[in-house]
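Here's the structure, in structure tokens; my notes come after.
Chain naming here is simple, since letters A, B, ... match the order of the sequence lines and numbering starts at 1 in each.
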Amino acid sequence: MSEHSTIHAAFAAKVDAALAALEAEGELPAGTPRNNVTVEPPRDPSHGDLATNAAMVLAKQAKTNPRELAGKIVEKLSADPTVEGAEIAGPGFINLRLSDVAWRGELASIAALAADYGKSAMGSGRTVNVEYVSANPTGPMHMGHCRGAVVGDALASLLEFAGHKVVREYYINDAGGQVDVLARSAHLRYREALGEDIGEIPEGLYPGDYLIPVGEALAKELGDSFVSKDEAEWFAMFRTKAVAAMMELIRADLALLGIAHDVFSSEAELQAAGKPEAAEQWLRQHDLVYDGMLEAPKGKTPEDWEPVELPLFRSTRFGDDQDRPIRKSDGNWTYFGADLAYHFQKAESADALVDIWGADHAGTVKRIKAAVAALTQGAGRLIPFEVKLVQMVQLLRDGEPVKMSKRAGTFVTLADVVREVGKDVVRFTMLTRKPEAQMDFDFAKVVEASKDNPVFYVQYAHAG
RNA sequence: GCGCCCGUAGCUCAGUCGGAUAGAGCAUCAGAUUCCUAAUCUGGGGGCCACAGGUUCGAAUCCUGUCGGGCGCACCA
């Protein structure tokens with residue numbers, strides 16, 4: 001697929017060629033950067049089909065005024081048979097009118113290329129790793145995860161369309177305290193499945209019903225041999241099995257949205273392979289990790305604050321408020337400590353990294369970007385890395401916010417929403433606002449067959 | 001107290017690596033059609049682009065500050 005698969009791109013190339021010719025003739029200094037030059041449809045259609053700011057952007061470097069330079073560009077462009085008119089307007093815009101032949105040719109190629117129309121080879125030869133969702137494997141997906149999932153998937157598709165090789169990746173946080181809680185919760189449900197009256201789910205364990213079938217499956221598989229054993233004997237096994245069950249739930253939820261990741265990476269495996277240790281060693285050698293006292297957050301010292309010495313990453317060197325611990329005082333890795341090693345691992349097989357995170361993690365962007373920059377540069381191959389934040393979605397029903405509480409078990413699952421309004425409506429709605437702006441998701445409005453629901457317009461047009 | 005995101009027409013939002021009179025849909029108003037259960041067509045009105053400074057030939061767009069809304073702020077992920 002060539003880059004000139006659309007008429008706009010084709011004419012942008014013609015403009016560029018004209019500029020290159022002028023450069024060859026000495027009208028423009030050799031090597032003049034042309035990346036500011038735009039070729040796009042003007043706001044006012046009476047100005048023509050396309051307009052370029054080339055003369056205005058480049059006049060200074062050509063040591064002439066915009067209108068004079070525009071004259072020379074117009075001369076070149078007029079020689080092209082598909083250019084029916086080229087005029088200088090205003091301060092130095094060049095307005096182009098394209099011939100009928102050009103438009104007809106474009107229509108033919110739209111018909112011929114169908115869904116491939118507009119593809120580009122821009123990213124050809126480059127692999128981009130897009131990590132998104134990465135919800136904790138402790139329960140089904142809820143609506144809090146939904147926007148990031150949709151945005152990440154759409155971005156991945158766009159990158160593919162632009163010619164990149166894309167790896168859609170999910171990071172399984174199966175090594176922290178949350179999955180320990182999951183293991184204990186699953187054990188409780190296991191005992192329940194074997195007939196024990198477990199009463200209220202104790203504070204600190206996951207109360208959700210979705211663990212009942214997990215307990216039943218464990219009971220069926222293992223019998224009653226782990227009912228009264230010490231935690232040490234069943235803990236690791238229950239954790240592994242429960243995480244596996246949760247990941248099955250999550251993959252099923254994602255499938256409802258039409259999302260399928262290529263790679264699922266386990267934090268536990270990453271740690272077992274000693275990746276964080278390797279990263280720590282390198283960072284210590286380069287004085288980017290040191291043992292130091294953790295400072296209280298600025299302007300807000302918690303009452304029970306106790307200074308501790310921990311291995312800290314020097315994120316302040318990269319604009320962060322304070323240096324960040326990579327290990328906890330019990331010696332285990334912090335989320336960040338493992339995450340930086342994880343990103344380094346991803347960087348080994350990609351040319352660029354993108355993470356899609358919820359806005360509630362905005363505070364941790366600086367440290368991970370800093371760590372990735374340090375590690376990839378240190379390895380001799382600095383990898384572009386972007387963290388894209390998606391803002392919160394407010395769920396509304398009958399105009400009232402839907403309150404979600406994990407403890408009360410009132411969180412709205414993704415599966416419920418997809419069942420209620422449909423996959424396409426969810427995906428479309430999640431993309432109707434830029435990711436960095438908050439949005440409302442009103443159950444009634446998104447399915448309303450009315451003039452102010454864009455979803456409906458698209459469905460209507462598509463059905464026609 | 002600090003950091004990040006947002007603040008554009010009555011409503012929901014585009015436009016923000018600075019560029020030609022600030023755009024769309026809905027709502028509203030006026031015509032058209034009178035086919036119809038309209039999700040019909042055409043046109044108009046409607047904006048100190050939150051506010052105040054600054055940079056620039058030129059600012060919704062960049063910088064500083066203020067106000068308003070959201071998110072976050074120890075070894076939780």
Side-chain angles (χ1 to χ4, degrees), chain A residues 35-36 38 40 42-44 46-48 51-57 59-60 65-66 88-95 134-138 144 171-182 267 293-312 319-339 342 357-368 387-394 401 429 432-440 442 445-446 448-461 463-464:
Chain A
N35 47 347
N36 287 334
T38 61
E40 28 188 50
R43 250 198 294 265
D44 185 341
S46 72
H47 288 154
T52 177
N53 63 353
M56 285 153 64
V57 174
K60 192 175 280 181
N65 68 59
I88 306 167
F93 285 98
I94 297 168
N95 294 329
S134 299
N136 282 334
T138 57
Y171 183 45
I172 308 171
N173 303 129
D174 52 0
Q178 312 271 344
V179 287
D180 291 349
V181 172
L182 176 73
E267 180 184 4
M293 303 304 280
L294 197 56
E295 287 172 44
K298 291 203 170 68
K300 178 199 166 198
T301 306
E303 284 106 45
D304 56 344
W305 174 262
E306 278 177 32
V308 212
E309 189 181 75
L310 291 170
L312 301 178
D320 204 352
D321 294 334
Q322 52 187 284
D323 293 337
R324 305 293 178 175
I326 61 168
R327 286 180 191 266
K328 310 180 207 172
S329 45
D330 65 4
N332 284 319
W333 298 102
T334 60
Y335 181 83
F336 172 58
D339 203 31
Y342 168 58
W357 292 0
D360 50 345
H361 291 80
T364 65
V365 172
K366 275 179 184 167
R367 74 191 70 163
I368 192 67
V387 180
K388 193 85 188 155
L389 296 174
V390 302
Q391 291 292 322
M392 301 290 116
V393 176
Q394 163 111 303
T429 305
T432 51
R433 294 208 56 178
K434 56 185 173 185
E436 59 269 32
Q438 293 153 235
M439 74 178 221
D440 293 339
D442 188 309
K445 281 187 183 163
V446 297
E448 189 177 58
S450 81
K451 286 194 281 187
D452 56 1
N453 182 5
V455 176
F456 178 71
Y457 279 84
V458 174
Q459 289 179 329
Y460 192 63

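- The two atoms that bring A/M293 and A/P307 nearest to each other are CE-CB, 3.7 Å, heavy atoms only.
- Straight-line distance between the C1' atoms of B/U34 and B/G25: roughly 26 Å, to the nearest whole Å.
- Using a 4.0 Å heavy-atom distance criterion, A/D304 is classed as a base contact.
- Listed nucleotides: B/C75, B/G3, B/A77. Nearest to the side chain of A/K366: B/G3.
- Residues satisfying the side chain to side chain donor-acceptor pair (under 3.5 Å) test with A/R367, not counting sequence neighbours, are none.
- Atom P of B/U64 sits at a distance of 11 Å from the matching atom of B/C5, rounded to the whole Å.
- Comparing B/A74 with B/U61, their C1' atoms sit 38 Å apart, to the nearest whole Å.
- Nucleotide B/C35 has no partner under the Watson-Crick or G-U criteria, as no pair reaches both atom distances under 3.5 Å.
- Remark: B/C67 base-pairs with B/G7. Criterion, Watson-Crick or G-U wobble with two distances under 3.5 Å.
- In terms of position on RNA chain B, the residue among A/K445 and A/D321 whose nearest nucleotide sits closer to the 5' end is A/D321.
- Distance check on atom P: B/C76 versus B/C71 gives 23 Å, rounded to whole Å.
- In this structure B/C62 sits in a base pair with B/G54, meeting the Watson-Crick or G-U test at under 3.5 Å.
- Put simply, CD on A/E295 is 15 Å from C1' on B/C75, counting in whole angstrom units.
- Atoms CG and CG, from A/D174 and A/D180 in turn, are 10.5 Å apart once rounded to the nearest 0.5 Å.
- Taking atom CG of A/D339 as the reference point, atom C1' of B/C75 lies 16 Å away to the nearest angstrom.
- In plain terms, the two heavy atoms of A/L389 and A/A362 that are nearest each other are CD1-CB, 3.6 Å.
- By the 5.5 angstrom centroid cut-off and the 30-degree plane limit, A/H361 is classified as not stacked against the base of B/G72.
- One cannot find a donor-acceptor pair under 3.5 Å joining the base of B/A39 and the side-chain atoms of A/N453.
- Computed from coordinates, the A/E267 CD to B/C76 P distance equals 12 Å when rounded to whole Å.
- Distance from the side chain of A/Q178 is smallest for B/A77 among the nucleotides B/A77, B/C75, B/A74.
- Taking for each of A/W305 and A/R367 the nucleotide of RNA chain B with the nearest heavy atom, the 5'-most of the two is the partner of A/W305.
- Residues passing the ring pair (Phe, Tyr, Trp, His ring centres under 6.0 Å) test with A/Y335, sequence neighbours excluded: none.
- Of all non-hydrogen atoms in A/P435 and A/K388, the two that sit nearest each other are CG-CE, 4.4 Å.
- If you measure from atom CZ of A/F336 to atom P of B/A74, you get 16 Å, rounded to the nearest angstrom.
- Across all strands shown, the partner of B/U28 is B/G44, judged by Watson-Crick or G-U wobble contacts whose two distances both fall under 3.5 Å.
- Comparing the same atom, P, in B/G68 and in B/C26 gives a spacing of 36 Å after rounding to whole Å.
- Remark: the A/D323 side chain and the B/A74 base include no donor-acceptor N/O pair separated by less than 3.5 Å.
- Across every non-hydrogen atom of A/G176 and A/E267, the tightest pair is N-OE1, 4.5 Å.
- Base pairing analysis places B/A22 opposite nothing; no Watson-Crick or G-U wobble pair with both distances below 3.5 Å involves it.
- Base pairing of B/C49 is not made with any nucleotide, judged by Watson-Crick or G-U wobble geometry with both donor-acceptor distances under 3.5 Å.
- The base-pairing partner of B/C73, taking Watson-Crick or G-U wobble contacts with both distances under 3.5 Å, is B/G1.
- Distance A/I326 CD1 to B/C76 C1': 17 Å, rounded to the nearest Å.
- Taking atom C1' on both nucleotides, B/C11 is separated from B/U28 by 12 Å, rounded to a whole Å.
- When the P atom of B/A20 is taken as reference, atom CD1 of A/I94 falls 16 Å away, rounded to whole Å.
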Between protein and nucleic acid, restricted to nucleotides 5-8 of chain B and to nitrogen or oxygen atoms under 3.5 Å apart, what atom pairs and distances do you find?
from: B/C5; atom 1: O2'; to: A/E436; atom 2: O; distance (Å): 2.2

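- Among all heavy-atom pairs drawn from A/V446 and A/N453, the shortest one is O-ND2, 3.1 Å.
- As a whole-Å value, the separation of A/L312 CG from B/A74 C1' is 11 Å.
- Nearest heavy atom pair, residue A/L310 against residue A/R327, reads CD2-O, 3.5 Å.
- We find that CG of A/D360 is positioned 17 Å from P of B/C4, with the value rounded to whole Å.
- For the P atom pair drawn from B/G69 and B/A32, the interatomic distance equals 49 Å after rounding to whole Å.
- Annotation: the span from A/D320 atom CG to A/T364 atom OG1 amounts to 9.0 Å, rounded to 0.5 Å.
- When the C1' atom is compared between B/G7 and B/G15, the two are found 15 Å apart, to the nearest whole Å.
- If you check B/A74, B/G70, B/A20 against the side chain of A/N95, the one that comes closest is B/A20.
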